[in-house]
Amino acid sequence: MAKSKRRRTGGPGRPDPVAARVDGGNAELIPDPDRPHGWTLLIDSAPQSHVDLDDPAVLTFEYQRRLGHVADLAAPPGRPLRAVHLGGGAFTLARYIAATRPRSTQQIVELDAALVELVRTHLPLDPNARVRVRAMDARAGLGKLPDDWADLIIADVFGGARTPAHLTSTEFLTEVRRVLRPGGQYAANLADGPPLAHLRAQVATAAAVFPELALAADPAVLRGRRFGNAVLLASDTALPVAELTRRVAGDPHPGRVEHGRELRDFTGGAAPVTDAGAKPSPAPPPAVFQ
C-alpha cells in the first residue's frame, strides 16, 4: 500500500506536492503552476505523466499529444472506443478518451498497485467514465482479454525508465493483434537514443506482425541526434497517415511521421525481436531529466 504525504511547499491557494513510495520507486505528484488542478507525475524524478483534472482533453507532454492524435483518428469523432492501456501512469490517455469519446469502454493494466492507489486517491477518475483498472503485468492482463475486443491498444510501459523486455517481442505483438478487432490500431510509446538500435528493432518487430506501420517522433530523435520518445503505430489496415502527419507537424513541438519505404529503410536491416533474445529498452542518459 502506498503511504503518501504532502510536502508543505505550495503556498497560499496552491496545492502541496504529494510524495509516496510505490513499487516502481519514489513517486511525486507536482502541482502545475499554470493550471489550478493540473498535476505532473514523477517516478524517481523522471516525468511520467501530466493531467489536468479540470480539462482531461489537455495533453501537455509531446508523446502524449501524439498518442492523443492516434486516439482522435482511430474512429469518427465522438464514436465510443474499446481501448486498452498497457501502463497506467496518471491515467492520462484514458481520461482523454473518456472526455473526447463519452461512453467509451476502457481497461488500464498497471503492474504497480501502489501507484494505482496513489493516483486513484489524489487524482480520481470521473465516476461516470467506463474505465476499469487492473493491477497486474501488462502482458498477463492482455492475455485475459478476448479475441477481437479492442479498437485501440496503447502501450506506455516503463519500469525504471525502461520498457520491460517481454513487451518488445513478436510474441507480445502477436497477442496484441489477437485482442485487436479487424481494423484496430496499436500504438506504443518507445524511447531510444543514438544509435537507435532499439527503435529500429521495434519497427522491424512490428513489421513482422502488422502490415501497416507509421512512426512519429521529433526529427532530431529520428536522426539519432538525441535520446527521446517515438510513437509507433500499427494496424492490419491502412492508417490515416496524411492526417496524422498534419497533426504531428502542427504540434507545439513539431514532429515528423515516417511510413512506407522510408520507414522500411529506417530499420536498416534490423531483425525482429523474439522472446528468446528480448532485452529492455536502453536506459536514458541522466541529462534527459535535468
Side-chain angles (χ1 to χ4, degrees), residues 17 19-30 32-33 39-51 59-68 86-90 92-93 110-112 115 138 154-169 172 187-206 214-233 248 251-258 263 265-273 277-290:
R21 180 70 185 177
V22 297
D23 300 340
N26 294 310
E28 296 176 274
L29 294 173
I30 306 298
D32 186 335
W39 295 85
T40 298
L41 168 67
L42 284 71
I43 304 291
D44 289 338
S45 301
Q48 300 290 321
S49 302
H50 178 276
V51 63
L59 298 176
T60 301
F61 286 6
E62 177 181 294
Y63 83 88
Q64 289 179 333
R65 287 183 62 88
R66 290 169 187 158
L67 290 171
L86 304 179
T92 302
L93 269 298
E110 169 58 58
L111 179 62
D112 194 328
L115 177 61
I154 296 175
D156 185 12
V157 185
F158 289 88
R162 306 177 73 181
T163 301
H166 69 299
L167 305 181
T168 67
S169 66
F172 165 66
N189 177 33
L190 307 174
D192 200 7
L196 299 180
H198 173 72
L199 186 56
R200 298 181 200 279
Q202 286 303 286
V203 174
T205 302
L215 185 69
D218 185 298
V221 173
L222 292 174
R223 295 188 189 109
R225 294 181 179 174
R226 68 170 180 87
F227 194 98
N229 296 85
V231 170
L232 176 63
L233 183 59
V248 169
D251 277 340
H253 300 282
R256 193 172 82 219
V257 175
E258 297 283 12
L263 188 54
D265 291 344
F266 173 82
T267 64
V273 176
K279 300 177 182 179
S281 65
V288 167
F289 302 123
Q290 294 177 357

Legend entry - Shortest non-hydrogen contact from P219 toward P254: CD-O, 3.7 Å
Legend entry - Close side-chain approach of D23 and L111, heavy atoms under 4.5 Å: no
Inset, instruction - Specify the closest pair of heavy atoms between L93 and G68, including all atoms of both residues, with the distance to one decimal. - result: CD1-N, 4.0 Å
Legend entry - Contact check, side chains of L190 and S281, non-hydrogen atoms, under 4.5 Å: no
Inset, instruction - For R256, check salt bridge (charged side-chain N to carboxylate O under 4.0 Å, His left out) against everything at least two apart and list the hits. - result: E258
Legend entry - Heavy-atom pair of closest approach, residues A230 and A217: CB-CB, 3.7 Å
Legend entry - Within-4.5 Å side-chain heavy-atom neighbours: L215 and V203: yes
Inset, instruction - Answer yes or no: is there a side-chain heavy-atom contact under 4.5 Å between T168 and T205? - result: no
Inset, instruction - Answer whether the closest heavy-atom distance between the side chains of F61 and T92 falls below 4.5 Å. - result: no
Inset, instruction - For H253, enumerate each residue passing the side-chain contact (heavy atoms from CB on, under 4.5 Å) test, keeping only those at least two apart in sequence or located in another chain. - result: E62
Output side-chain donor-acceptor pairs under 3.5 Å for residues 222-229, partner residues at least two apart or in another chain, one line each.
residue: R226; atom: NH2; partner: D218; partner atom: OD2; Å: 3.1
residue: N229; atom: ND2; partner: N189; partner atom: OD1; Å: 3.0

Legend entry - Where A216 and V257 come nearest, the two heavy atoms and their spacing: CB-CG2, 4.0 Å
Legend entry - Residues that A283 engages under side-chain contact (heavy atoms from CB on, under 4.5 Å), provided they are two or more places apart: R162
Inset, instruction - Identify, with sequence neighbours excluded, every residue that meets side-chain contact (heavy atoms from CB on, under 4.5 Å) alongside N26. - result: R21, D44
Legend entry - Interatomic spacing from CD in Q48 to OG1 in T40 - rounded to 0.5 Å: 11.0 Å
Legend entry - Minimum heavy-atom distance A204-T267, with the two atoms named: N-CG2, 4.0 Å
Inset, instruction - Please report the shortest heavy-atom distance between Q202 and L167, naming the atom on each side. - result: OE1-O, 4.5 Å
Legend entry - side-chain contact (heavy atoms from CB on, under 4.5 Å) against A27, all qualifying residues, sequence neighbours excluded: V22, L41, I43, L118
Inset, instruction - Hey, could you give me the CZ/CG distance between R200 and D265, rounded to the nearest 0.5 Å? - result: 10.5 Å
